[in-house]
Amino acid sequence: MNDPLDCLIIGAGPAGLTAAIYLARFHLKIRIVDAGRSRAAMIPRTHNHAGYPGGITGPELLALMRQQAGEFGVEVTNGVVEQLERTGDTFVAEMQEGSLRARSVLLATGVVNNLPPIAPEIHDLALARGLLRYCPICDGYEVTDKRVAVIGTETHGYNEAVFLRMYTRDVTLIAPHAEHSLSDEERDKLEALGIATVDGPCRSLRIHGDEILVPTPKGELSFDTAYPALGSVIRSELAVSLGAEANAEGCLLIDDHQRTTLPGLYAAGDVAKGLDQISHAMGEAGVAATTIRNDLAQTAPLVR
């Protein structure tokens with residue numbers, strides 16, 4: 001609680017670590033706090049991230065980014081920011097280990113996927129083996145011509161099933177709870193595309209050999225991969241509690257320079273509305289870090 005940090009970064013995923021690299025190279029006094037639940041750590045292998053022929057696993061990418069940030073003196077503090085307050089021009093982050101003061105805060109807290117019914121140990125194994133996937137933009141290519149289940153309904157489930165149809169003819173949209181909630185237009189479009197629909201409830205998924213089994217009232221259906229389309233929880237509560245504006249889903253509203261509606265508070269990555277992709281999160285982080293530097297310079301010259 002001595003001199004405040006120039007910037008406190010909350011979250012050490014691709015966005016937070018990218019911002020840390022930029023800010024450290026601007027010679028700013030920063031700290032990055034991470035709760036250890038980056039969604040990127042769950043990625044078995046990403047092939048969309050340019051520069052890694054053959055792809056790279058999420059944990060490997062995060063480890064390399066931490067190593068690179070460390071070259072400029074950045075250390076990741078493990079912990080949870082439980083509350084964020086503002087006193088005058090300074091933010092105060094409350095943690096179990098103590099408090100941190102900062103002139104600015106960058107939220108890179110991401111989102112948490114809503115899981116289908118599945119035992120935790122089976123979930124992690126299915127994810128590692130590609131039997132369960134969460135991002136068709138990231139890995140739809142890997143399910144080309146395979147049997148795919150989409151667990152979801154309403155507009156979100158419908159859109160994901162239609163998106164995956166460009167990779168394979170064998171797509172089934174399964175309602176997670178009861179009967180599908182789809183408009184007549186959506187049902188007609190699914191039928192025209194050859195996408196099957198199955199009413200729920202969907203019971204606990206399980207693995208059988210190289211297949212993922214989805215129990216439904218029609219019986220236990222087998223697929224090569226299942227995509228949960230059940231939405232996510234946006235980790236924006238720290239900012240919202242301070243009065244920052246968010247959309248109906250909880251994504252923070254930002255301007256073209258990653259500023260939230262609260263001065264001094266910035267957001268990058270999946271916690272802000274945009275494309276949930278590593279490359280996009282990193283790009284936002286670069287913009288946010290540069291904006292933070294320039295905004296801070298307006299109040300006090302940044303000189304050595």
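Any value given below was found using the heavy atoms of this structure, including those in side chains, with hydrogens, waters and symmetry copies removed.
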**Request:** Please say whether more than 12 non-hydrogen atoms of neighbouring residues, nucleotides or ligands are located less than 6.0 Å from CD in Glu82.
**Result:** yes
**Fill in**
Scanning both residues in full, the closest heavy-atom pair of Glu94 with Ser99 reads OE1-OG, 2.6 Å
**Message:** Other residues, nucleotides and ligands only: do more than 12 of their heavy atoms fall within 6.0 Å of CZ on Arg31?
**Reply:** no
**Item:** From Cys135 atom SG to Gln277 atom CD, the distance as rounded to the nearest 0.5 Å
**Value:** 4.5 Å
**Request:** Any chance you could measure Ile254, atom CD1, to Glu245, atom CD, to the nearest 0.5 Å?
**Result:** 13.0 Å
**Prompt:** More than 12 foreign heavy atoms under 6.0 Å from NZ of Lys218: is that the case here?
**Reply:** no
**Request:** Might you work through the side chain to side chain contact (heavy atoms under 4.5 Å, CB included) test for Asn48 and Ile278, ending with a clear yes or no?
**Result:** CA-CA 9 Å; Asn48 278 5; Ile278 292 174; over 6 Å; no
**Fill in**
Result for side-chain contact (heavy atoms from CB on, under 4.5 Å) between Arg133 and one of Val143, Leu127, Ile43 points to Val143
**Prompt:** Looking at Asn114 and Ser232, what are the two nearest heavy atoms and their distance?
**Reply:** ND2-N, 3.4 Å
**Asked** Are Met42 and Ile137 co-members of a hydrophobic cluster defined by side-chain heavy atoms under 4.5 Å apart?
**Response** no
**Message:** Applying a strict under-4.5 Å side-chain criterion to I, L, V, M, F, W and Y, I'd like to know whether Met166 and Val150 cluster together.
**Reply:** yes
**Prompt:** Okay, side chain of Glu284, backbone of Gly269: is any donor-acceptor separation there less than 3.5 Å?
**Reply:** yes
**Message:** Restricting to non-hydrogen atoms, name the atom on Gly250 and the atom on Ser236 that form the minimum distance, rounded to 0.1 Å.
**Reply:** O-OG, 2.6 Å
**Asked** What pairs of residues pass the salt bridge (charged side-chain N to carboxylate O under 4.0 Å, His left out) test when at least one of them lies in residues 255-275, not counting sequence neighbours?
**Response** Arg39-Asp270, Asp255-Arg259, Arg259-Asp295
**Asked** Any chain of hydrophobic side-chain contacts (each under 4.5 Å) joining Leu164 to Phe223?
**Response** no
**Item:** From CG (Leu8) to CD1 (Ile10), nearest 0.5 Å
**Value:** 4.5 Å
**Message:** Taking CG in Asp89 as the centre, count heavy atoms belonging to other residues, nucleotides or ligands within less than 6.0 Å. Is the count above 12?
**Reply:** no
Determine all donor-acceptor pairs shorter than 3.5 Å in which one atom belongs to a side chain in residues 63-73; sequence neighbours excluded.
unit_1	atom_1	unit_2	atom_2	d
Arg66	NH2	Asp34	OD2	3.4

**Item:** Atom pair CD/CG of Glu237 and Leu107 - distance to nearest 0.5 Å
**Value:** 9.0 Å
**Item:** Under 3.5 Å: donor-acceptor pair, side chain of Ser183, backbone of Glu186
**Value:** yes
**Prompt:** Is it the case that more than 12 heavy atoms not belonging to Glu121 sit under 6.0 Å from its CD atom?
**Reply:** yes
**Request:** Kindly indicate, with the supporting measurements, whether the criterion side chain to side chain contact (heavy atoms under 4.5 Å, CB included) is fulfilled by Asp139 and Thr46.
**Result:** CA-CA 7 Å; Asp139 52 26; Thr46 176; over 6 Å; no
**Request:** Search all heavy atoms of Thr225 against all heavy atoms of Gly130 and return the closest pair with its distance.
**Result:** OG1-O, 2.9 Å
**Asked** With no hydrogens and no angle check, is any side-chain donor or acceptor of His280 less than 3.5 Å from a backbone partner on Leu275?
**Response** yes
**Message:** Surrounding OH of Tyr22 (heavy atoms of other residues, nucleotides or ligands, distance under 6.0 Å), is the total greater than 12?
**Reply:** no
**Request:** Indicate if Leu173 and Val214 have the same hydrophobic cluster label, given that clusters are the connected sets of ILVMFWY residues with side-chain heavy-atom separations under 4.5 angstrom.
**Result:** no
**Any donor-acceptor pair under 3.5 Å from Thr153 side chain to Ser181 backbone** = yes
**Fill in**
Applied to residues 187-216, the salt bridge (charged side-chain N to carboxylate O under 4.0 Å, His left out) test, sequence neighbours excluded, yields Arg129-Asp210, Arg147-Glu211, Arg206-Glu220
**Message:** Give me each pair satisfying salt bridge (charged side-chain N to carboxylate O under 4.0 Å, His left out) with a member in residues 151-169, each pair once, sequence neighbours excluded.
**Reply:** none
**Message:** For the CZ atom on Arg86, are there more than 12 heavy atoms of other groups (residues, nucleotides or ligands in this structure) within a distance under 6.0 Å?
**Reply:** yes
**Message:** Within the supplied structure, the quantity of interest is the number of heavy atoms (other residues, nucleotides, ligands) at a distance under 6.0 Å from His177 NE2; does it exceed 12?
**Reply:** no
**Asked** Of the non-hydrogen atoms in Ala229 and Gly157, which two are nearest, and what is the gap between them?
**Response** CB-CA, 4.0 Å
**Asked** Do any pairs count as a ring-ring contact (aromatic ring centres under 6.0 Å, His included) and have a residue in residues 118-168, sequence neighbours left out, and if so which ones?
**Response** His123-Tyr134
**Rounded distance (nearest 0.5 Å) linking atom CG of Leu302 with atom CG of Asp6** = 7.0 Å
**Prompt:** Between CD1 of Ile292 and CG of Leu106, what distance do you get to the nearest 0.5 Å?
**Reply:** 4.5 Å
**In one Ile/Leu/Val/Met/Phe/Trp/Tyr side-chain cluster, 4.5 Å: Val233, Leu238** = no
**Asked** How far apart are the closest heavy atoms of Ala272 and Cys251, and which atoms are they?
**Response** C-CB, 4.1 Å
**Set of residues satisfying side chain to side chain donor-acceptor pair (under 3.5 Å) with respect to Thr299, sequence neighbours excluded** = Arg103
